[in-house]
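To keep things clear, I will list the structure first and then write my remarks on it.
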Amino acid sequence: MNDCIFCKIVAKQIPSKLEYEDDLCMAFHDINPRAKTHLLIIPKKHIETMKEIGVEDEALLGRMMKVASDLAKKFDLNDYRLLISTGKGAGQEVFHVHLHLLSAPV
Ligand code: AMP
Ligand code: ZN
């Protein structure tokens, strides 16, 4: 087991406010929300950044986007942003790919 905090959430070794889970991904509330609704959609598989995405991950990324769209509906969001920070310079802090779903206006 690596030291990745999101892998620990996937393994249920640390708690999260879970909103969704399936065979490929999970969605939970960001611990430090930057909008009224701020969810993170993550792959269960450990992938450090978007730079490591391979052709085998196409279905996984599609699933994450669909889950984000479904959760936006569930939370009644009309306007929202989907964001994946990639690399330290872009503000990535957790090196396990995650899609931010942020309600707007923040
Ligand atoms: P990023 O800057 O794109 O890497 O975003 C990492 C996000 O993960 C930040 O918004 C953090 O607030 C969030 N985060 C870090 N640890 C946890 C945790 N244990 N549970 C939920 N969200 C977390
Ligand atoms: Zn991980």
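Only heavy atoms go into these numbers, but all of them, side chains included; no hydrogens, no water, no symmetry mates. Counting starts at 1 for both ligands and their atoms, following the listed order.
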Original post:
Less than 4.5 Å apart, any side-chain heavy atom of L18 and any of K12?
Top reply: yes
Original post:
Are the side chain of D22 and the backbone of C25 linked by a donor-acceptor contact shorter than 3.5 Å?
Top reply: yes
**OP:** Could you tell me whether ligand 1 has any atom less than 4.0 Å away from a heavy atom of G91?
**Re:** yes
Subject >> I14 N/O under 3.5 Å from ligand 1 N/O >> reply: no
Subject >> Nearest atoms (heavy-atom pairs only) where P43 meets H96 >> reply: O-NE2, 2.8 Å
Original post:
Between H98 (side chain) and A27 (backbone), is there a donor-acceptor pair under 3.5 Å?
Top reply: no
**OP:** Please state whether F6 comes within less than 4.0 angstrom of ligand 1, counting heavy atoms only.
**Re:** yes
Original post:
Counting each atom of ligand 1 from 1 as listed, which ones have a heavy atom of H29 under 4.0 Å away?
Top reply: 21 (C)
Original post:
By atom name, which N, O or S atom belonging to H46 lies closest to the Zn ion (ligand 2)?
Top reply: ND1
**OP:** Look at the side chain of E21 and the backbone N and O of V10, then say whether any donor-acceptor pair between them is shorter than 3.5 Å.
**Re:** no
Original post:
Should the pair K44-D23 be classified as a salt bridge under the 4.0 Å nitrogen-to-oxygen rule?
Top reply: no
Original post:
What are the atoms of ligand 1, with element, lying closer than 4.0 Å to any heavy atom of E93?
Top reply: 1 (P), 2 (O), 4 (O)
Original post:
When you look for heavy atoms under 4.0 Å from ligand 1, do you find them on the side chain of I84, its backbone, both, or neither?
Top reply: neither
Original post:
More than 12 heavy atoms of other residues, nucleotides or ligands under 6.0 Å from CG of D76: is that the case?
Top reply: no
Original post:
Do any N/O atoms on F28 end up under 3.5 angstrom from N/O atoms on ligand 1?
Top reply: no
Original post:
Once rounded to 10 degrees, what value does the angle at the Zn ion (ligand 2) take between SG (C7) and ND1 (H96)?
Top reply: 110°
Original post:
Going through the checks in order, is the side-chain hydrogen bond (donor to acceptor under 3.5 Å, both in side chains) test met by H100 and H38?
Top reply: CA-CA 7 Å; H100 294 261; H38 186 174; 2.8 Å; yes
Subject >> Distance filter under 4.0 Å to N32 heavy atoms, resulting ligand 1 atoms >> reply: 12 (O)
**OP:** Check for a donor-acceptor pair, side chain of S103 on one end and backbone N or O of T37 on the other, with a separation under 3.5 Å.
**Re:** yes
Original post:
Is the shortest N/O to N/O distance between H98 and ligand 1 below 3.5 Å?
Top reply: yes
Original post:
What are the atoms of ligand 1, with element, lying closer than 4.0 Å to any heavy atom of R34?
Top reply: 10 (O)
Subject >> Close side-chain approach of E19 and F75, heavy atoms under 4.5 Å >> reply: yes
Original post:
Nearest heavy atom to atom 14 (N) of ligand 1: which of I31, L99, L39, T49 does it belong to?
Top reply: I31
**OP:** Could you list which atoms of ligand 1 come closer than 4.0 Å to a heavy atom of S85?
**Re:** 3 (O)
Subject >> ligand 1 atoms in contact with L40 (distance to a heavy atom under 4.0 Å) >> reply: 8 (O), 13 (C), 22 (N)
Original post:
Does any N or O atom in D30 lie less than 3.5 angstrom from one in ligand 1, N or O only?
Top reply: yes
